[in-house]
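First the proteins, then the strands, lettered A, B, ... as listed; each starts at 1.
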Amino acid sequence: MKIREIAQVLEAKIEVEGDSLDLEIEAACGADLMSDVMAYAKDNVLLLTGLVSPQVIRTAEMLDIKAVVLVRGKKPDATMLKMAAEKGITLLTTKESMFTSCGKLYNLGLTKRGIRD
Amino acid sequence: MSKSIQLHFELPGNDLALAGEASSKVKKTLNQLGLKPAVVKKTAVAMYEAEINAIIHAGGGTLAATIDQEKVVVVVRDQGPGIADLELAMQEGYSTAPEKIREMGFGAGMGLPNMKRHADLLEIESAVGQGTVVTIIVYL
């Protein structure tokens, strides 16, 4: 599923466009704990999180995660916006909860686990 | 043996938003050197956790990276409180992090296990009241 389609499904606002909205995403990972993301995330995943902190973008950068969704209507702060733009990471915001965001994406075919066992 | 590349950074302890700057710069250099993506990612995750630890537990420190023909070596050094029981600290889920660190998405007791998981070789020297030196080695 392309990042552009993910944004449509979640009726998300594109806060930062990043390198490309046409990038194909195969798996997703929903987490508020960045250490868990770093422990287990695979390559080329979408990160969904309820955490608002520059460390979300930093974690995405370290793991080559190209798209991040902030759920439950959370708004990124200025540091996050600036950092995402600098690093070419797409940053989306949606009013949907974590559970319904994941559910909608899964329903439409984004079914691969974003983490290793 | 040709020359190695050395990078050195001060880790400021007073601005949590800056935590990760040093790791970000090292990662950029590793990519520019054309190292394998898997090597870059392993190094990035391990050193980022180490950098975060130095900043949140020890009020900052230094991060030095050396890249030669065989390996990446990252040394994160602080003069913080030290680790009293290293074996306990290595257990997943054991944490002494304060609440504000948890608000950043860290502090769940995954940092040291994450470093061990990603580094090819991890060495931790620590003395209570004197500080901690973390050495991460990833082979190319």
Side-chain angles (χ1 to χ4, degrees), chain A residues 18-19 23 26-27 29-66 68-72 74-89 91 98 114-117, chain B residues 11 15-28 30-31 35-53 55-56 63 74 90-95 97 99-119 136 138:
Chain A
D19 285 344
L23 188 76
E26 291 182 350
C29 160
D32 289 349
L33 189 58
M34 293 303 112
S35 283
D36 266 356
V37 177
M38 280 198 284
Y40 305 115
K42 293 193 236 176
D43 289 342
N44 200 22
V45 300
L46 173 74
L47 171 62
L48 299 107
T49 186
L51 182 69
V52 175
S53 159
Q55 303 309 329
V56 170
I57 306 299
R58 194 75 81 187
T59 299
E61 179 196 7
M62 292 301 155
L63 290 165
D64 301 320
I65 291 173
K66 299 303 288 178
V68 176
V69 181
L70 297 184
V71 298
R72 293 198 303 281
K74 304 236 177 168
K75 290 287 159 218
D77 59 24
T79 311
M80 287 179 81
L81 291 170
K82 183 167 169 275
M83 222 184 253
E86 280 170 9
K87 299 174 193 315
I89 294 169
L91 183 59
M98 176 71 94
I115 59 167
R116 293 183 297 259
D117 293 317
Chain B
L11 307 177
D15 189 348
L16 293 177
L18 287 179
E21 271 296 314
S23 297
S24 172
K25 287 179 180 144
V26 173
K27 185 180 185 228
K28 199 172 280 177
L30 299 183
N31 276 326
L35 302 191
K36 281 184 288 191
V39 168
V40 175
K41 191 177 285 190
K42 280 163 72 175
T43 310
V45 169
M47 78 180 154
Y48 180 41
E49 290 277 14
E51 180 178 0
I52 295 272
N53 268 356
I55 289 170
I56 66 183
L63 185 153
V74 180
M90 288 305 296
Q91 285 179 18
E92 265 188 31
Y94 177 79
S95 175
E99 184 55 33
K100 66 172 180 175
I101 303 311
R102 294 171 197 261
E103 286 166 9
M104 287 164 58
F106 293 96
M110 299 290 290
L112 291 175
N114 259 355
M115 284 178 224
K116 195 173 180 189
R117 188 178 284 125
H118 289 87
I136 294 156
V138 176

Contact part of [X] toward chain A, heavy-atom cut-off under 4.5 Å: side chain, backbone, both or neither?
X: Glu49(B); result: side chain
X: Leu18(B); result: backbone
X: Phe106(B); result: both

Query raised in the report: Using a distance-only test with no angle check, is there a side-chain donor-acceptor pair under 3.5 angstrom linking Glu61(A) and Ser24(B)?
Result: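 Glu61(A) vs Ser24(B): donor-acceptor pair found between side chains.
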Query raised in the report: Under the criterion side chain to side chain contact (heavy atoms under 4.5 Å, CB included), which of Leu51(A), Asp32(A), Ile65(A) is the partner of Val37(A)?
Result: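 With Val37(A) as partner, side chain to side chain contact (heavy atoms under 4.5 Å, CB included) holds for just one option, Ile65(A).
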Report task. Output all residues satisfying side-chain contact (heavy atoms from CB on, under 4.5 Å) with Asp64(A), sequence neighbours left out; order by chain, then residue number. Result ->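 Partners of Asp64(A) under the side-chain contact (heavy atoms from CB on, under 4.5 Å) test: Lys27(B), Lys41(B).
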Query raised in the report: In chain order, what residues pass the side-chain contact (heavy atoms from CB on, under 4.5 Å) check against Pro113(B), with sequence neighbours excluded?
Result: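 So Pro113(B) forms a side-chain contact (heavy atoms from CB on, under 4.5 Å) with Glu92(B).
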Query raised in the report: How about Lys28(B): does its NZ atom have over 12 heavy atoms from other parts shown lying under 6.0 Å from it?
Result: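 Counting other residues, nucleotides and ligands, NZ of Lys28(B) stays at 12 neighbours or fewer.
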Heavy-atom pairs under 4.5 Å with chain B: which of [options] has the most?
options: Ser53(A), Ala31(A), Pro54(A), Ala39(A); result: Ala39(A)
options: Thr59(A), Thr49(A), Thr79(A), Val52(A); result: Thr59(A)
options: Met62(A), Met80(A), Lys87(A), Met83(A); result: Met62(A)

Query - Heavy-atom pair count under 4.5 Å with chain A, highest-scoring of Ala17(B), Ala19(B), Gly107(B), Gly111(B) - result: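 Option with the top pair count is Ala19(B).
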Requested in this report: Answer yes or no: is there an ion pair linking Lys42(A) with Glu26(A), defined by an N-O contact shorter than 4.0 Å?
Outcome: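 Answer for the salt bridge query: no.
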**Report entry** Interchain contact, Leu63(A) with chain B, by part (heavy-atom threshold 4.5 Å)
**Finding:**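 The answer is both parts of Leu63(A).
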